[in-house]
Number of protein chains: 4
Amino acid sequence: MIKIDLHSQAPLYEQIKTGFKGLVRRKLLRPGDAAPSIRALAAQLTLNPNTVARAYRELTAEGFFESQRGEENIVSARAGALAKADTENLKARIAEAVKEGLLNGLSSADIEAILGRVKKEAI
Amino acid sequence: MIKIDLHSQAPLYEQIKTGFKGLVRRKLLRPGDAAPSIRALAAQLTLNPNTVARAYRELTAEGFFESQRGEENIVSARAGALAKADTENLKARIAEAVKEGLLNGLSSADIEAILGRVKKEAI
Amino acid sequence: MIKIDLHSQAPLYEQIKTGFKGLVRRKLLRPGDAAPSIRALAAQLTLNPNTVARAYRELTAEGFFESQRGEENIVSARAGALAKADTENLKARIAEAVKEGLLNGLSSADIEAILGRVKKEAI
Amino acid sequence: MIKIDLHSQAPLYEQIKTGFKGLVRRKLLRPGDAAPSIRALAAQLTLNPNTVARAYRELTAEGFFESQRGEENIVSARAGALAKADTENLKARIAEAVKEGLLNGLSSADIEAILGRVKKEAI
DNA sequence: GTGGTCTAGACCACC
DNA sequence: GTGGTCTAGACCACA
């Protein structure tokens, strides 16, 4: 369900974290649902279990997951709010990149062109 | 002349490099002009001279600077072309951020809203 | 009869084990008495039967239980001695916590205060 | 400056974290001071650098350290408050151990005896 | 030099 | 089976 871009400059564990928050935002994962096991997700994404474990640990620390004594990781009731708050991070990152572009001579048209292209690819 | 954002996730030396390329794109710096000395720029931006030195070193390696006159760093004749090519980096960074947003549940409207906001701020 | 604290950092099966030993120390359970069945205790404490089973298995291995009469778990004649020896575990755990506190800046007065408070609560 | 007990049941990275908070509580480390580098502390404690790195990462996430772009880890202005709050954890752990002891048949005298012994050792 | 990320693999505790 | 901890060592980014 989660997609990882090995060539992105964002760390893999961060991509996993935003991936889960995205699943909640898109209602593909709901409070009470169980996340896949660390080993299972690591195998599916062909990542090292430690990398997935770090993402899960931080999600648990934030209150996104609730894990009791080595049981499954359950999406918490607060996950929705946390996922929503995370949206701001995504937006801020876009804003930062756009701002940098505008400051350095890119035109609005350039940026609109990028948007169009990415949207097509994303389909 | 160059603006640095200490809180950006872009490395400082990269910001310096794109800063110079932006100055050339905006014709505020032209081939034959001398860049400020490493120490002067570091002092002005309150950065570690090593950081500025790294940017200058890479700009020289790329052929953007020539150090012919004494020890000064002179903007080369090829700088214009290099600056133009650099635009692709800026575009790629925007594209990556937008792609990440779309993959994780942001809508096109969200992204348009960001654009509008940033444009206003940039005025 | 046994109290479990789900939020304690002590493992559940350990709490069950010390619980039984405490019952013997307080003479609420005597050699020859039968312990509740695994299923019954698990249901009463709302724990996973596997967790209770592990506690019973270890108690049996230690010689605290004997399963002679049918399938029942009978408190053995040696249980009293084992219960007494277990006291050392409790003491060691307290000692470790206190030591950690003293090493990290807690004063004797702080610790006395905790003692007073806990004693009151325990009444 | 920090002492680690390899045989404690507390994880090493947690001991490092409480160690730093203890140093702040005891005024041996003050806001603005730099913590030793990850590699240096790891070498001194003969631990793996990753273990120390984890402690530092979490301290930074909590706002106890402030680290800028791969520079030194500086004790933040908020560190005092965080260290104080941590005291409650230490106290809670002691309280928990004492409570467990009382519930399972330890007498007040037993516990006082432990205190006396640990205090002597701690000198 | 610094910290950050990732992989690999071992071992433990818990359910 | 699950997650948690730790070690080892490589590589990168930054100042």
Side-chain angles (χ1 to χ4, degrees), chain A residues 4 6 8-16 34-42 45-61 65-74, chain B residues 6 8-16 38 42 45-55 57-58, chain C residues 6 9-16 42 47-55 57-58, chain D residues 4 6 8-16 34-42 45-61 65-74:
Chain A
I4 296 298
L6 286 174
S8 161
Q9 54 178 168
L12 299 176
Y13 75 89
E14 282 288 356
Q15 292 184 49
I16 296 170
S37 80
I38 290 178
R39 289 168 175 83
L41 186 58
L45 301 176
T46 59
L47 296 179
N48 187 293
N50 277 332
T51 304
V52 178
R54 176 166 178 187
Y56 276 33
R57 187 196 319 140
E58 296 194 2
L59 286 170
T60 303
F65 282 160
E66 278 166 356
S67 76
Q68 308 228 9
R69 307 185 156 267
E71 286 174 1
E72 286 179 309
N73 286 287
I74 305 295
Chain B
L6 284 173
S8 158
Q9 58 177 165
L12 299 177
Y13 75 91
E14 281 288 356
Q15 292 185 50
I16 297 171
I38 289 177
L45 301 176
T46 60
L47 294 179
N48 187 316
N50 281 331
T51 305
V52 178
R54 173 165 181 183
R57 190 188 334 129
E58 295 194 4
Chain C
L6 284 173
Q9 57 177 167
L12 299 177
Y13 75 90
E14 280 289 356
Q15 292 185 50
I16 297 171
L47 294 179
N48 186 316
N50 281 331
T51 306
V52 179
R54 173 165 180 183
R57 190 189 335 129
E58 295 193 6
Chain D
I4 297 298
L6 285 173
S8 160
Q9 54 177 170
L12 300 176
Y13 75 89
E14 282 288 357
Q15 291 183 52
I16 296 171
S37 79
I38 290 178
R39 288 168 175 85
L41 186 58
L45 301 176
T46 59
L47 296 178
N48 186 291
N50 277 331
T51 304
V52 179
R54 176 167 178 186
Y56 277 34
R57 187 197 318 145
E58 295 193 2
L59 286 170
T60 303
F65 282 160
E66 278 165 357
S67 77
Q68 307 227 9
R69 306 186 156 266
E71 284 174 1
E72 287 179 308
N73 286 286
I74 306 295

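A note on names: the letters A, B, ... follow the listed sequences, proteins ahead of strands, and every chain is numbered from 1. Just so it is clear, the model here is predicted, and its values are computed rather than measured.
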Distance test, side-chain N/O of D/S67 to OP1/OP2 of E/dG3, below 4.0 Å: no
Mind checking what makes side-chain hydrogen bond (donor to acceptor under 3.5 Å, both in side chains) contact with A/E14, not counting sequence neighbours? none
Kindly indicate whether the side chain of D/L12, heavy atoms from C-beta on, has any atom under 4.5 Å from the side chain of D/L45. no
Closest non-hydrogen atoms of A/L47 and A/L6, given as atom of the first, atom of the second and distance, are CD2-CD2, 4.3 Å
Nearest heavy-atom neighbours spanning D/S67 and D/T60: OG-CG2, 4.0 Å
Going by heavy atoms in the side chains, are A/P49 and A/Y56 under 4.5 Å from each other? no
Rounded to the nearest Å, what distance is computed from the CD1 atom of residue D/I38 to the C1' atom of nucleotide E/dT5? 12 Å
Does a side-chain N or O of D/N50 approach OP1 or OP2 of F/dG9 to a distance below 4.0 Å, or not? no
Side-chain contact, heavy-atom cut-off 4.5 Å: A/L59 with A/N73? no
Within less than 4.0 Å of OP1 or OP2 of F/dT5, is there a side-chain N or O belonging to D/R54? yes
Phosphate OP1/OP2 of E/dC6: any A/T51 side-chain N/O under 4.0 Å: no
What are the two closest non-hydrogen atoms of C/A55 and C/Y13, and how far apart are they? CB-O, 3.7 Å
What distance do C/N48 atom CG and C/R54 atom CZ have between them, rounded to the nearest 0.5 Å? 12.5 Å
On DNA chain F, does the nearest nucleotide to A/S37 precede the nearest nucleotide to B/N48 from the 5' side, or the other way round? Give the residue. A/S37
Here's a test of your reading of the structure: between D/P49 and A/T60, which maps to the more 5' nucleotide of DNA chain F? A/T60
What residues in residues 9-16 of chain D put a non-hydrogen atom under 4.0 Å from any atom of DNA chain F? D/P11, D/L12, D/Y13
Over all strands shown, is A/R39 touching base, sugar-phosphate only, or nothing at heavy-atom distances under 4.0 angstrom? base
Using a 3.5 Å limit for the pairing distances, which stems of at least 3 consecutive Watson-Crick or G-U wobble pairs does DNA chain E take part in? E:1-14 with F:1-14
